[in-house]
Trainee: 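Sharing a structure here in structure tokens format.
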Amino acid sequence: MPVAKIGIVTGASSGIGRHSAIALSKDGWHLVLTARRLDQLKETALLCPNETLILAGDITDEPFIKGVFEVALSHFGRLDLLFNNAGITPKTAPIDELSLDAFQTVINVNLTGSFLAAREAIKIFKAQSPQGGRIINNGSLSAHVPRPNTSPYACSKHAIAGLTKCIALEGRPFGITCTQLDIGNAKTDIVDKHLMVGALQPNGSILAEPTMDVEQVARTVVHIASMPPDVAMLKVNIMAAGAPYVGRG
């Protein structure tokens, strides 16, 4: 009988996190899911056919994050995957109108939370036998081309690019791989809310941008997660075909 694959998905209460958790579970993964909203986490777990544990809490709370990985290890005995998906998209504002608190809140959730989860995953990956594991960091097209008035988000996603490379480099001797998954306009409640009346473009126009089915992102997560341990995929871009990313619009 094959050994179960064990994964942790953060931000699993909705959107990309929920769809990816369900897709992973259907592919045979046993999961620990975390997010702030317990009721929505329960809904996600009910949609997962394989064994699924849920833990509600704040991704920036260091003791909580340590506890998530302790529960995963004590219950399942090992860890094979972390999908660092939790993140927030703030209201847009010019840099000169941003408060320090607004900026730091985004950095804390999108970057510090990802660091905390990655650190705990790497501890397990190094200590277990056989060594190794895979981390997928939810990046963004904003890691390459920011939207106007989104400096906290763009800074956090540029930083995720650096975190991904550092994990890949330091994890190499221990069989640890890391992928930055840059997603462009997957159709979720958050994207619908922000793009409902169109998105501000650098030339000042408002453009209703194309979106894609979020299931395509979930399938990509499963594909990356299922690659053999001797294969690394450092950066992946998946986006709506008409997204204003390649070239000048």
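Sequential numbering from 1 along the given sequence is applied to the chain's residues.
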Trainee: Could you list all the side chain to side chain donor-acceptor pair (under 3.5 Å) pairs where at least one residue sits in residues 93-114, not counting sequence neighbours?
Mentor: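 Only N110-S156 qualify under side chain to side chain donor-acceptor pair (under 3.5 Å).
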Trainee: Which residues satisfy the side chain to side chain donor-acceptor pair (under 3.5 Å) test with H144, sequence neighbours excluded?
Mentor: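 H144: side chain to side chain donor-acceptor pair (under 3.5 Å) contacts with D182.
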Trainee: Taking side chain to side chain donor-acceptor pair (under 3.5 Å) as the test, write out the residues that go with N137, two or more places apart.
Mentor: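 Applying side chain to side chain donor-acceptor pair (under 3.5 Å) to N137 gives N84, T164.
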Trainee: Among all residues two or more places apart in sequence or in another chain, which pass the side-chain contact (heavy atoms from CB on, under 4.5 Å) test with A86?
Mentor: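 Testing A86 for side-chain contact (heavy atoms from CB on, under 4.5 Å), a comparison that skips the adjacent residues, returns T10, I59.
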Trainee: Enumerate the residue pairs fulfilling salt bridge (Lys or Arg N to Asp or Glu O under 4.0 Å) with a member in residues 31-40, sequence neighbours excluded, ordered by first and then second residue.
Mentor: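 Applying salt bridge (Lys or Arg N to Asp or Glu O under 4.0 Å) to every pair that reaches into residues 31-40, excluding sequence neighbours, yields nothing.
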Trainee: Who are the salt bridge (Lys or Arg N to Asp or Glu O under 4.0 Å) partners of D27, not counting sequence neighbours?
Mentor: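 Per chain and number, D27 pairs via salt bridge (Lys or Arg N to Asp or Glu O under 4.0 Å) with K5.
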Trainee: Provide the full list of salt bridge (Lys or Arg N to Asp or Glu O under 4.0 Å) pairs with a residue in residues 12-25, sequence neighbours left out, each pair given once.
Mentor: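 Those involving residues 12-25 are R18-E43.
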Trainee: Taking salt bridge (Lys or Arg N to Asp or Glu O under 4.0 Å) as the cut-off, I'd like each qualifying pair that reaches into residues 117-145, sequence neighbours left out, listed once.
Mentor: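 Checked against salt bridge (Lys or Arg N to Asp or Glu O under 4.0 Å) - neighbours excluded - the pairs reaching residues 117-145 are E62-R119, E120-K123.
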Trainee: Please identify each residue that fulfils side-chain contact (heavy atoms from CB on, under 4.5 Å) with A161, with sequence neighbours left out.
Mentor: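 A161 satisfies side-chain contact (heavy atoms from CB on, under 4.5 Å) with Q180 once adjacent residues are dropped.
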Trainee: Can you list every pair that meets salt bridge (Lys or Arg N to Asp or Glu O under 4.0 Å) and has a residue in residues 47-59, with sequence neighbours left out?
Mentor: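 Every candidate salt bridge (Lys or Arg N to Asp or Glu O under 4.0 Å) pair involving residues 47-59 fails, so no pair, neighbours aside, qualifies.
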Trainee: Report the residues that fulfil side-chain contact (heavy atoms from CB on, under 4.5 Å) with P229, sequence neighbours left out, ordered by chain and then residue number.
Mentor: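 None.
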Trainee: Keeping to residues at least two apart or across chains, list the side chain to side chain donor-acceptor pair (under 3.5 Å) pairs with something in residues 212-223.
Mentor: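 Those involving residues 212-223 are H19-E215.
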